[in-house]
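Just below is one structure, and these are the notes that go with it.
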Amino acid sequence: MPELAEVDYFRRRWDPGMGKVVEHLELHAGARVFRGCETAGWHELLQGAVMEVSLAHGKQMLFGFSGGGWLGVHLGMTGELRVESAGYEPGRHDHLVLRQAGGVLVFADSRMFGCLRLDVAVGGPPEWWRQLPPAVTSGGFSIDWVDGHLRRRHRSPIKAVLLDQAVFPGVGNWMADEILWRMGLHPLTPAGNLAGAPSRALRYHVRWVARRAMTTIGTDWSEPPASWLYRYRWAAGHCCPRPQCATPLVREEAAGRTSCWCPSCQPPPDGLTPTRKARPVRTGHRRENPLATSSARPPLS
DNA sequence: ATCTCTGTTCACAA
DNA sequence: GTTGTGAACAGAGA
């Protein structure tokens with residue numbers, strides 16, 4: 001379910017396993033989440049190893065173990081990390097289970113769009129991790145970085161560029177909609193319209209939404225403030241939360257993804273043909289709070 | 001039964 | 001070369 005803040009929330013759910021030995025490992029060999037991997041060596045590499053560090057970067061996670069094993073985790077659409085109590089019997093979607101004293105670390109993913117990998121690297125994260133693009137909250141995520149990519153993709157809809165993980169790592173569908181709403185930009189606005197001075201504002205809003213998401217969803221899965229579009233974008237029938245607007249929100253497909261925007265605050269750009277609007281998205285459901293819906297999921301320690 | 005989905009990748013069209 | 005589109009992946013929930 002993850003974008004940047006959700007990913008960090010799930011990363012910390014494995015915190016209870018930090019500093020502990022993996023006594024036993026179970027995995028669903030051949031499951032799609034291991035695509036591209038040879039899992040035969042995972043037992044030898046991880047059993048007996050201590051989990052020493054965890055990192056999150058955009059939608060990627062990395063767990064470091066003694067002996068040089070680095071477990072990479074991408075949650076895809078439905079992946080999640082949990083801790084279960086000792087003696088836990090894995091379910092059919094629990095594709096990786098790490099048993100430790102007093103607890104069991106679980107990676108589950110019903111749709112298996114997620115992905116796991118294990119690399120060996122001594123002294124630091126593996127090469128692929130070091131080559132990730134600059135985190136949106138870091139200094140490397142500069143105005144020049146943003147502006148350069150806006151120019152390179154000047155004809156693409158801004159929403160498509162925001163979803164590009166090579167440019168805005170960790171930004172997903174709801175974050176993109178939130179950012180665009182705050183900027184008063186229609187999702188189909190050509191990215192080139194933001195080149196130059198506006199790229200500074202885009203960078204600002206990306207960072208602002210990322211940081212604030214981290215202090216709400218990212219810490220305890222709590223909802224962002226009621227002033228956020230986030231609270232109203234999941235289901236049809238809501239209005240723009242901006243004071244003195246209250247225009248009914250639009251939910252339609254844009255750039256290939258279900259999008260939500262305010263037709264008043266985010267008017268279509270000049271020249272955008274209003275024809276052939278993709279089918280309106282009829283329904284929508286609220287995200288669930290995993291802490292509230294499952295007694296089997298203890299809160300973070 | 002039918003439709004949706006916080007993601008990514010691929011083939012193919014324009 | 002670029003960008004858009006639809007399908008595919010696979011399952012749960014409404």
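Every chain is numbered from 1, with letters handed out A, B, ... down the list of sequences.
Under 4.0 angstrom from either OP1 or OP2 of B:dT8 there lies at least one side-chain N or O belonging to A:His74. Between C:dG4 and A:Arg257, no contact under 4.0 Å exists linking OP1 or OP2 to a side-chain N or O. Between A:Thr258 and B:dC5 there is a side-chain N or O to OP1 or OP2 distance below 4.0 Å. The side chain of A:Ser156 contributes an N or O atom lying less than 4.0 Å from OP1 or OP2 of C:dT3. Taking 4.0 angstrom as the limit, A:His93 places a side-chain polar atom (N or O) nearer than this to OP1 or OP2 of C:dA12.
In this model, a donor atom of one side chain and an acceptor atom of the other lie less than 3.5 Å apart for A:Asp119 and A:Trp128.
The CZ-P distance, from A:Phe113 to B:dT8, rounds to 11 Å in whole Å. For the pair A:His154 NE2 and C:dG4 P, the computed distance is 11 Å after rounding to whole Å. For A:Asn173 and B:dT8, the CG to C1' distance is 13 Å, given to the nearest whole Å. When rounded to the nearest whole Å, the span between CZ of A:Arg251 and C1' of B:dT4 equals 9 Å. In this structure, A:His28 atom NE2 and C:dG11 atom P are separated by 12 Å, rounded to whole Å. Distance A:Ile158 CD1 to C:dG4 C1': 16 Å, rounded to the nearest Å. Note: CZ (A:Arg35) to P (C:dC9) measures 12 Å, nearest angstrom. Atom CE in A:Met175 sits roughly 15 Å away from atom C1' in B:dG7 (whole-Å rounding).
If you check every strand for non-hydrogen atoms under 4.0 Å, A:Arg92 touches sugar and phosphate atoms only. At the heavy-atom level, A:Gly172 lies under 4.0 Å from the strands shown only through sugar-phosphate atoms.
Checked by atom type and distance alone, the side chain of A:Arg251 pairs as donor or acceptor with a backbone atom of A:Arg233 at under 3.5 Å.
By the 30° and 60° cut-offs, the orientation of the rings of A:Trp129 relative to A:His57 is perpendicular. The aromatic rings of A:Phe107 and A:His95 sit tilted relative to each other, their planes meeting at an angle between 30° and 60°.
Atom P of B:dT8 sits at a distance of 25 Å from the matching atom of C:dG1, rounded to the whole Å.
Every stem involving DNA chain B, taken as at least 3 paired positions in a row under the Watson-Crick or G-U wobble test at 3.5 Å, is listed here: B:2-5 with C:11-14, B:7-14 with C:2-9.
Between A:Ser222 and A:Thr216 the shortest heavy-atom distance is OG-O, 3.3 Å. Among all heavy-atom pairs drawn from A:Tyr232 and A:His238, the shortest one is O-CD2, 3.3 Å.
Proximity of A:Val7 to A:Met61: side-chain heavy atoms (C-beta onward) are separated by under 4.5 Å at one or more points.
Salt bridge annotation for A:Glu3-A:Lys59: absent, with no cationic side-chain nitrogen under 4.0 angstrom from a carboxylate oxygen.
Taking every side-chain heavy atom of A:Gln165 into account, B:dT8 is the closest of C:dA12, B:dT8, C:dT3. Distances were taken from every side-chain heavy atom of A:Met77 (C-beta onward) to each of C:dT3, C:dG11, B:dG7; the shortest belongs to B:dG7.
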